[in-house]
Amino acid sequence: MRDTWLGLGLLFRMSALTLGAALGSVLLGIWLDRTLGTTPMITLGLMLLGVIGGTIAMYRVVNKANQRIADHRNDSRGGK
């Protein structure tokens, strides 16, 4: 049961990273574009940076989770 909760936690974290990076950068870009009158240049730029940043963050989370799984397997086998 613990593995299920850990998997759901990882899924939630990945979803939050993706939505936070993409949606946050788009909302910030829209606000800046309206304030500075540069529609849609800043929004497009920040959206691109948000997607790239979210992808990098997701890669790091998945890589760290895979490393923990590998470490757990090695510990359960006696360090082999």
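Hydrogens, waters and symmetry mates are skipped; everything else that's a heavy atom, side chains included, is used. Quick note: residue numbers are just sequence positions, from 1.
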Task: Side-chain donor-acceptor pair present, Asp71, Gln67, cut-off under 3.5 Å - done: yes
TODO: Tell me, with the steps shown, if Val51 and Thr18 meet side chain to side chain contact (heavy atoms under 4.5 Å, CB included).
DONE: CA-CA 8 Å; Val51 169; Thr18 304; over 6 Å; no
What's the separation between atom [atom1] in [X] and atom [atom2] in [Y], rounded to the nearest 0.5 Å?
X: Asp33; Y: Ile42; atom1: CG; atom2: CD1; answer: 5.0 Å
X: Leu17; Y: Thr55; atom1: CG; atom2: OG1; answer: 10.5 Å
X: Arg68; Y: Arg73; atom1: CZ; atom2: CZ; answer: 15.0 Å
X: Ile69; Y: Leu10; atom1: CD1; atom2: CG; answer: 8.0 Å
X: Leu44; Y: Thr38; atom1: CG; atom2: OG1; answer: 10.0 Å

Task: Joint hydrophobic cluster, Leu19 plus Leu11, side-chain heavy atoms closer than 4.5 Å - done: no
TODO: Tell me whether Leu49 is reachable from Leu32 by hopping between hydrophobic residues (I, L, V, M, F, W, Y) whose side-chain heavy atoms are closer than 4.5 Å.
DONE: yes
- [ ] For a side chain to side chain contact (heavy atoms under 4.5 Å, CB included) with Tyr59, tell me which candidate from Ile56, Val61, Asn63, Val62 qualifies.
- [x] Asn63
Open item on the list: So which atom in Met47 and which in Val26 form the shortest heavy-atom distance, rounded to 0.1 Å?
Closed with: CG-CG2, 3.7 Å
Task: Ser25 to Gly50 - nearest heavy-atom pair and separation - done: OG-CA, 3.6 Å
Open item on the list: Main chain of Ile30, side chain of Thr43: is a donor-acceptor contact present, judged purely on distance under 3.5 Å?
Closed with: yes
